[in-house]
Amino acid sequence: MASRIRDFPIPTPPETATMNARLPSTPSTTRHEHPVPDRAGANAYTDDPEFARLLPLYLPSELVAHLQPHLHRLGALAGGELDRLAHSADQNPPTLAHRSRAGLDDQRILKHPDYVEMERLAFSEFGLAAMSHRGGVLGWDRPMPAAAKYALSYLFVQAEFGLCCPLSMTDSLTRTLRKYGSPELVQRYLVDLTTQDLDALSQGAMFMTEQGAGSDVSATETLARPDDSEAGQPQQTWRLYGDKWFCSNPDAALAMVLARTEGAPAGMKGVSLFLLPRTLPDGRPNDYRIIRLKDKMGTRSMASGEIRLEGAKAWLVGELGRGFAQMADMVNNSRLSNGMRAAGLMRRAASEAIYIARHRQAFGKHLIDMPLMQRQLAKIMLPAEQARTMMFQTAEALRRSDAGEAGAYPLTRLLTPLIKFRACRDARKATGDAMEVRGGCGYIEEWGDPRIVRDAHLGSIWEGTSNIVALDVMRAIVREDALPVWRTHVQALLAQTPWHAQAQQRLQDLLPQVQALAEHTAHHKNEAMARQAASALYHLTTAIAMGWEAGQTGSLRRMLLAQLVLRHRLLPQDPLQALPSADLAPLFDTQASVATAQTLQAMNLLG
């Protein structure tokens with residue numbers, strides 16, 4: 001990682017940059033004159049120049065240049081047509097049909113046409129579920145690194161959250177199948193999992209949760225029996241029996257399922273991983289049913305349901321008794337995706353709030369000129385930017401891990417639950433605070449705020465609640481010995497950054513303190529401290545990484561954000577003592593120039 005300030009293209013904002021969750025059906029009044037600001041139609045990419053500055057730090061320069069037209073197009077869609085489709089799909093959730101009009105059993109999920117159009121954009125046009133697995137997506141001749149997939153998905157999720165679940169599960173199932181599946185299974189299904197032809201596409205899902213086995217996977221009761229009728233076949237067939245309680249994308253063509261093999265021991269060692277097709281190779285439907293669809297608080301565009309397995313055929317993936325260890329690869333990939341989605345939702349929330357503050361007047365001045373409003377906007381921006389930095393840091397660690405670099409796997413195992421734990425919790429508050437900035441309109445369904453708030457609450461539940469994921473951070477520390485690798489990584493970033501001497505010293509002092517807290521919590525199994533230790537690791541990692549990004553890009557805004565993390569998330573504060581005032585104006589400066597290393601080094605919020 002070079003320490004010089006890098007050159008990179010900055011997207012030019014269009015002349016009419018506005019955006020909100022639902023496009024008005026009638027022409028809006030002039031936005032600067034109308035007292036109710038409406039950001040409908042903005043380009044989510046060109047509206048966020050800081051995003052463009054970060055891409056060259058995590059992607060090869062030729063790939064950044066290649067992706068520019070696709071980033072521009074997806075940014076425009078996210079603020080326009082995709083946003084309209086997302087609102088419509090949220091208002092028209094899927095339904096479950098059990099029979100054909102002639103009375104034949106023909107179970108299927110009926111999706112609104114606008115949801116299907118979003119599927120076409122995500123799976124077909126942009127190939128978001130395929131780009132990590134093969135070349136040819138978006139004209140790139142080889143698989144793209146994780147950071148590219150998450151950069152594009154980060155824009156997509158600013159309009160639509162629900163569909164990102166099937167996207168992530170299809171991508172993650174493909175990864176797990178390639179890693180653990182037999183050559184026969186990979187050959188049979190890989191092409192359809194990674195096609196951009198929506199009619200030929202096999203979407204993915206994972207069926208884990210049971211009524212008595214949610215976070216505690218060892219309590220799985222779904223039974224797997226060998227299918228003796230097909231003994232001698234090249235691929236052993238199993239029959240699955242039982243109920244799965246919470247299955248998103250339940251009509252997916254393929255699902256990874258956890259089940260306990262007949263006669264296996266109790267606990268985790270008896271659980272194995274199976275690939276379950278919706279349709280059997282001979283064209284017959286498999287023996288399982290969708291019992292009902294869930295009436296969810298959020299992600300209403302995407303179906304989630306309950307599954308009953310009635311002797312459904314499935315194939316073993318990997319080793320017997322290693323089901324959860326192998327499923328964990330899929331779960332961790334989904335957890336990183338959850339963190340990315342939280343980052344995108346917070347970015348959307350922050351963009352909306354800042355736009356309102358710029359164009360809404362009260363008491364004779366714009367809201368953004370009011371010190372208290374600036375403070376509240378900074379509270380929304382800060383976790384959003386932390387999550388974005390951690391998204392890229394984790395994606396880069398994953399790339400290095402997949403390439404076999406020494407130490408990269410333990411780092412990935414630590415950063416992944418960290419972003420899932422902290423970013424998903426932060427998104428719930430940040431989106432709610434942004435709704436408040438809009439005022440009464442923010443509580444009205446024709447605006448996007450209610451949908452964003454509802455969707456944001458899912459992240460800290462899906463793929464493990466906050467407690468479960470914080471404890472997984474502790475497991476990564478113990479099982480993978482992740483802290484020494486983490487310390488080396490952040491120490492290298494710190495050394496390459498032009499920090500003010502006082503800030504740098506505080507960060508240097510915090511490194512052994514945070515490491516000691518995390519080590520003691522993990523090795524002494526002090527579960528009550530797991531969330532506190534995980535939060536400390538997250539905040540210190542993001543403060544140092546954001547400072548490094550500031551040094552690489554010459555961003556005064558990013559250095560200010562990094563020091564705000566240090567001051568407000570890591571250092572002790574007296575709640576009855578006023579803090580020294582900080583000039584927050586650089587956070588909202590749309591014409592910010594590239595700062596020199598000397599300018600960055602002069603910034604100090606601790607004095």
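- Here Ile544 contributes atom CD1 and Gln508 contributes atom CD; the two are 8.0 Å apart, rounded to the nearest 0.5 Å.
- Aromatic rings of Phe392 and Tyr150 (six-membered ring for Trp) have centroids beyond the 6.0 Å cut-off, not under it.
- Using a distance-only test at 3.5 Å, with no hydrogens or angles considered, a donor-acceptor pair links the side chain of Gln563 to the main chain of Leu605.
- With salt bridges taken as basic N to acidic carboxylate O contacts below 4.0 Å, one links Asp48 and Arg347.
- The pair Arg341-Asp455 does not meet the salt-bridge criterion, since no charged nitrogen lies less than 4.0 angstrom from a carboxylate oxygen.
- Closest of all the heavy-atom pairs between Ala357 and Leu377 is CB-CD1, 3.7 Å.
- Here CD of Gln552 is found 7.5 Å from OG1 of Thr497. Values are rounded to the nearest 0.5 Å.
- Of the possible polar contacts, one joining the Gln573 side chain to the Arg567 backbone as a donor-acceptor pair under 3.5 Å is found.
- Expressed to the nearest 0.5 Å, how far CG of Leu415 lies from CG of Leu398 amounts to 10.5 Å.
- Judged by distance alone, the side chain of Asn43 and the main-chain N or O of His72 form a donor-acceptor pair under 3.5 Å.
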Before giving the answer on salt bridge (Lys or Arg N to Asp or Glu O under 4.0 Å), spell out for Arg557 and Asp589 the whole-Å C-alpha distance, their side-chain angles and the decisive distance to 0.1 Å. CA-CA 8 Å; Arg557 174 189 296 168; Asp589 183 3; over 6 Å; no
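- Atom NZ of Lys296 sits in a crowded spot, with more than 12 heavy atoms from other residues, nucleotides or ligands closer than 6.0 Å.
- For the pair Pro56 and Ser61, the minimum side-chain heavy-atom distance is 4.5 Å or more.
- When atom types are taken as modelled, the side chain of Thr488 and the backbone of Pro484 share a donor-acceptor pair closer than 3.5 angstrom.
- The distance from atom NE2 of His539 to atom CG of Leu382, rounded to the nearest 0.5 Å, is 8.5 Å.
- Using a 4.5 Å heavy-atom threshold, the side chains of Leu566 and Leu507 count as touching.
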Audit row: Leu571, Leu606, side chain to side chain contact (heavy atoms under 4.5 Å, CB included) steps and yes/no: CA-CA 10 Å; Leu571 298 181; Leu606 306 184; 3.7 Å; yes
With side-chain hydrogen bond (donor to acceptor under 3.5 Å, both in side chains) as the criterion, how do Thr389 and Arg558 come out once you've worked through the C-alpha distance, each side chain's angles and the decisive distance to 0.1 Å? CA-CA 10 Å; Thr389 290; Arg558 207 143 201 84; 3.0 Å; yes
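- Residues Arg428 and Ser460 bring a donor and an acceptor atom of their side chains to less than 3.5 Å of each other.
- Between Asp433 and Lys379, no side-chain nitrogen of the basic residue sits less than 4.0 Å from a carboxylate oxygen of the acidic one, so the salt-bridge criterion is not met.
- With a 6.0 Å radius and a threshold of 12 heavy atoms from other residues, nucleotides or ligands, Arg475 has its CZ atom above the threshold.
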Set out, in order, the CA-CA distance, both residues' side-chain angles and the distance that settles side chain to side chain contact (heavy atoms under 4.5 Å, CB included) for Arg73 and Phe126, then state yes or no. CA-CA 10 Å; Arg73 170 156 167 75; Phe126 289 96; 4.0 Å; yes
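- With hydrogens and angles disregarded, no donor-acceptor distance shorter than 3.5 Å links the side chain of Thr599 to the backbone of Ala595.
- In this structure, the side chain of Thr465 does not engage the main chain of Ile461 through any donor-acceptor pair within 3.5 Å.
- Classified by interplanar angle (parallel below 30°, tilted 30° to 60°, perpendicular above 60°), the ring pair His359/Tyr355 is tilted.
- Counting heavy atoms from C-beta on, the side chains of Val490 and Leu540 never come closer than 4.5 Å.
- By the 4.5 Å heavy-atom criterion applied to side chains, Phe51 and Thr46 are not counted as neighbours.
- A salt bridge between Asp114 and Arg84 is present, with a side-chain N of the basic residue lying under 4.0 Å from a carboxylate O of the acidic one.
- By the 4.0 Å N-to-carboxylate-O rule, Arg454 lies close enough to Glu445 to be salt-bridged with it.
- With Trp462 as the aromatic partner, Arg335 does not meet the cation-pi criteria of under 6.0 angstrom to the ring centre and within 45 degrees of the ring axis.
- In this structure, the side chain of Gln496 engages the main chain of Ala492 through a donor-acceptor pair within 3.5 Å.
- Two residues are said to be in side-chain contact when any heavy atoms from C-beta on lie closer than 4.5 Å; Leu494 and Trp548 fail this criterion.
- For Arg375, the CZ atom is loosely surrounded, since the number of other residues' heavy atoms within 6.0 Å does not exceed 12.
- A donor-acceptor pair shorter than 3.5 Å can be found between the side chains of Gln393 and His489.
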Dump the intermediate steps for salt bridge (Lys or Arg N to Asp or Glu O under 4.0 Å) on Lys420 and Glu463, then the final yes or no. CA-CA 9 Å; Lys420 166 65 168 73; Glu463 317 299 3; over 6 Å; no
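- Looking at Leu483 and Pro410, their side chains never come closer than 4.5 Å, going by heavy atoms from C-beta outward.
- Between Gln158 and Tyr45, the side chains place no donor N or O within less than 3.5 Å of an acceptor N or O (distance only, hydrogens not considered).
- Side-chain contact between Leu537 and Val473 is present, with at least one heavy-atom pair separated by less than 4.5 Å.
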Report the C-alpha distance between Gln601 and Met559 in whole Å, list the side-chain angles of each, state the deciding distance to 0.1 Å, and finish with yes or no for side chain to side chain contact (heavy atoms under 4.5 Å, CB included). CA-CA 9 Å; Gln601 202 163 22; Met559 180 56 77; over 6 Å; no
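- For Arg53 and Ser555, the side-chain atoms include no donor-acceptor pair closer than 3.5 Å.
- No side-chain heavy atom of Met373 sits less than 4.5 Å from a side-chain heavy atom of Ile368.
- Inspection of the Asp509 and Gln513 side chains reveals no N or O donor paired with an N or O acceptor under 3.5 Å.
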Just do the side chain to side chain contact (heavy atoms under 4.5 Å, CB included) check on Leu414 and Thr541 with the steps written out, would you? CA-CA 11 Å; Leu414 182 69; Thr541 303; over 6 Å; no
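- In summary, the side chains of Arg358 and Thr590 do not present any donor paired with an acceptor at a separation below 3.5 Å, with no hydrogens or angles considered.
- Here the straight-line distance linking atom NE2 of His366 with atom CZ of Arg360 works out to 11.0 Å at 0.5 Å rounding.
- The distance from atom CD of Glu385 to atom CE of Met381, rounded to the nearest 0.5 Å, is 5.5 Å.
- When all heavy atoms of Ala362 and Leu367 are compared, the closest pair comes out as CB-CD2, 3.9 Å.
- Using modelled atom types, one finds no donor on one side chain facing an acceptor on the other under 3.5 Å when comparing Glu436 with Gln376.
- Nearest heavy-atom pair, Ala86 versus Glu160, reported as atom, atom and distance to 0.1 Å: CB-OE1, 3.5 Å.
- Contact check on Glu352 versus Arg438 returns a salt bridge, with a Lys/Arg side-chain nitrogen under 4.0 Å from an Asp/Glu carboxylate oxygen.
- A donor-acceptor pair under 3.5 Å is formed between the side chain of Asn338 and the backbone N or O of Ser334.
- Annotation for Glu527: atom CD does not count as buried by contact number, only 12 or fewer foreign heavy atoms lying within 6.0 Å.
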